[in-house]
Enquirer: 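Here you go, one structure.
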Amino acid sequence: MPATYPILYSFRRCPYAMRARLALMVSNRVCELREVVLRDKPPEMLEVSAKGTVPILIDVDGRVLDQSIDIMLWGLRQHDPEKWLMPQQGSVAEMLELIAVFDDRFKYHLDRYKYPDRYADVDAQVHRYEGSLFLDKLNAKLSATKYLFGNNVALADMAIAPFVRQFAHTDRNWFNQQPWPQLQAWLAGFTESEIYSSVMQKYPKWESGNAGVIFPSS
């Protein structure tokens with residue numbers, strides 16, 4: 001019997017899973033959300049993707065998407081009511097290029113700033129400084145327009161904001177004292193938005209054999 005909805009393995013606080021949920025929410029691509037505890041990953045999840053990290057989406061036809069950007073694009077290419085793939089300035093390719101910089105280079109410093117104990121010979125302050133150079137550039141970009149690619153929210157904003165949020169929360173007092181008024185306003189707009197509140201709803205851990213949660217809920 002075919003699945004009624006795609007299955008999404010997710011973890012509430014993971015920024016990759018967060019941005020996947022944001023795109024599924026705005027595109028209204030209904031799925032069965034299975035909330036994962038990362039230290040106790042369900043075997044069903046590990047069977048479909050050797051990556052072993054969230055998010056993972058299994059479409060009703062059995063196709064597996066285990067990269068968050070692919071899940072975002074999958075949802076938005078079916079239904080994009082807020083035009084996240086039609087930025088006021090620039091192109092989807094340019095947005096994906098900026099997202100890739102943050103996924104690769106910024107995330108490297110974010111991890112070592114936030115979790116220095118997980119790495120050998122790491123100075124968190126050095127990585128905070130290196131990460132801040134990327135945020136300097138975002139602030140400059142946001143000085144010209146309200147969002148990263150114009151005055152309307154687009155894919156890049158929603159793909160990058162969860163990681164900036166994580167960086168900011170590592171030392172909120174320090175972040176608030178930086179000369180980034182546009183970036184701080186942009187992040188506050190994100191974390192105070194209705195869609196952010198909706199995707200950050202708490203769900204119980206999914207157990208094998210149980211039904212997941214219908215997401216987004218009607």
Enquirer: Cation-pi check for F149 against K141: NZ or CZ below 6.0 Å from the six-membered ring centre and within 45 degrees of the axis, yes or no?
Expert: yes
Enquirer: Report whether I195 and V213 are members of the same hydrophobic cluster (ILVMFWY, side-chain heavy atoms less than 4.5 Å apart, transitive linking).
Expert: yes
Enquirer: Keeping to residues at least two apart or across chains, list the ring-ring contact (aromatic ring centres under 6.0 Å, His included) pairs with something in residues 177-198.
Expert: W174-W180, F175-W180, F190-Y196
Enquirer: Walk me through it: do L138 and L135 pass the test side chain to side chain contact (heavy atoms under 4.5 Å, CB included)?
Expert: CA-CA 5 Å; L138 281 194; L135 300 186; 4.2 Å; yes
Enquirer: Of all the heavy-atom pairs spanning R12 and Q201, show the shortest one and how long it is.
Expert: CD-O, 3.8 Å
Enquirer: Which atoms form the tightest heavy-atom contact between Q184 and Q177, and what is the distance?
Expert: NE2-N, 4.4 Å
Enquirer: Side chains of E44 and S208 only: does a donor on one sit below 3.5 Å from an acceptor on the other?
Expert: yes
Enquirer: Do F102 and M158 sit in the same hydrophobic cluster, where Ile, Leu, Val, Met, Phe, Trp and Tyr count as joined when their side-chain heavy atoms come under 4.5 Å apart?
Expert: yes
Enquirer: Looking at D70 and L65, would you say the former's side chain and the latter's main chain have a donor-acceptor pair under 3.5 Å?
Expert: no
Enquirer: Are V101 and V164 linked, directly or through intermediate hydrophobic residues, by side-chain heavy-atom contacts shorter than 4.5 Å (ILVMFWY only)?
Expert: yes
Enquirer: Give a yes or no on whether Y203 atom OH has more than 12 heavy-atom contacts from other residues, nucleotides or ligands under 6.0 Å away.
Expert: yes
Enquirer: Return each pair, listed once, that meets salt bridge (charged side-chain N to carboxylate O under 4.0 Å, His left out) where at least one residue sits in residues 21-43; pairs must be two or more places apart or across chains.
Expert: E32-R34, D40-K205
Enquirer: Would you compute the distance between atom CD1 of I58 and atom OH of Y9 and round it to the nearest 0.5 angstrom?
Expert: 5.0 Å
Enquirer: Can you tell me how far CG of L76 sits from OG of S27, rounded to the nearest 0.5 angstrom?
Expert: 5.5 Å
Enquirer: Measure from NZ or CZ of R105 to the centre of the six-membered ring of Y108, then state whether that distance is under 6.0 Å and the direction lies within 45° of the axis.
Expert: no
Enquirer: What do you reckon, is CD of E194 surrounded by more than 12 foreign heavy atoms closer than 6.0 Å?
Expert: no
Enquirer: How long is the straight-line distance from SG of C14 back to CG of L38, given to the nearest 0.5 Å?
Expert: 7.0 Å
Enquirer: With sequence neighbours left out, which residue pairs that include part of residues 150-169 fulfil the ring-ring contact (aromatic ring centres under 6.0 Å, His included) condition?
Expert: Y16-F163, F106-F167, Y113-F167
Enquirer: Can you pull the salt bridge (charged side-chain N to carboxylate O under 4.0 Å, His left out) pairs that have at least one residue in residues 88-104, sequence neighbours excluded?
Expert: R19-D103
Enquirer: Go through the steps to decide whether R165 and M18 satisfy the test side chain to side chain contact (heavy atoms under 4.5 Å, CB included), and finish with yes or no.
Expert: CA-CA 11 Å; R165 169 193 171 275; M18 197 183 300; 3.9 Å; yes
Enquirer: Which pair of heavy atoms, one from L8 and one from C31, lies closest together, and at what distance?
Expert: CB-SG, 3.8 Å
Enquirer: Search all heavy atoms of E82 against all heavy atoms of V26 and return the closest pair with its distance.
Expert: CD-CG2, 3.6 Å
Enquirer: Are V30 and L22 connected in the hydrophobic side-chain network, where two residues link if heavy atoms are under 4.5 Å apart?
Expert: no
Enquirer: Please give me the minimum heavy-atom distance between P42 and W206, naming the atom from each residue.
Expert: CB-CZ3, 3.7 Å
Enquirer: I'd like to check V36 versus S10 (side-chain heavy atoms, cut-off strictly below 4.5 Å). Are they in contact?
Expert: no
Enquirer: Could you list the donor-acceptor pairs under 3.5 angstrom formed by side chains in residues 47-57, with sequence neighbours left out?
Expert:
residue : atom : partner : partner atom : Å
S49     : OG   : K51     : N            : 3.3
S49     : OG   : D66     : OD2          : 2.8
K51     : NZ   : T53     : O            : 3.2
K51     : NZ   : P55     : O            : 3.3
K51     : NZ   : D66     : O            : 2.3

Enquirer: In terms of hydrophobic clustering (I, L, V, M, F, W, Y; side-chain heavy atoms under 4.5 Å; direct or indirect links), are I99 and V199 co-clustered?
Expert: yes
Enquirer: Look at the side chain of D157 and the backbone N and O of L148, then say whether any donor-acceptor pair between them is shorter than 3.5 Å.
Expert: yes
Enquirer: If I compare all heavy atoms of D80 with all of M86, which pair ends up nearest, and what's the gap?
Expert: OD2-N, 4.3 Å
Enquirer: Does a side-chain heavy-atom distance below 4.5 Å link N139 with D136?
Expert: no
Enquirer: Going by the salt bridge (charged side-chain N to carboxylate O under 4.0 Å, His left out) test, which pairs reach into residues 170-183, not counting sequence neighbours?
Expert: R128-D171
Enquirer: Nearest 0.5 Å, please: how far is CD in E192 from CG in L187?
Expert: 9.0 Å
Enquirer: Kindly compute the distance separating CH2 (W84) from CG (L155), expressed to the nearest 0.5 Å.
Expert: 8.0 Å
Enquirer: First locate atom CD of Q78, then atom CG of L24, and finally report the distance between them rounded to the nearest 0.5 Å.
Expert: 9.5 Å
Enquirer: Among H109, K107, K114, find the residue that satisfies the side-chain hydrogen bond (donor to acceptor under 3.5 Å, both in side chains) test when tested with D111.
Expert: K107
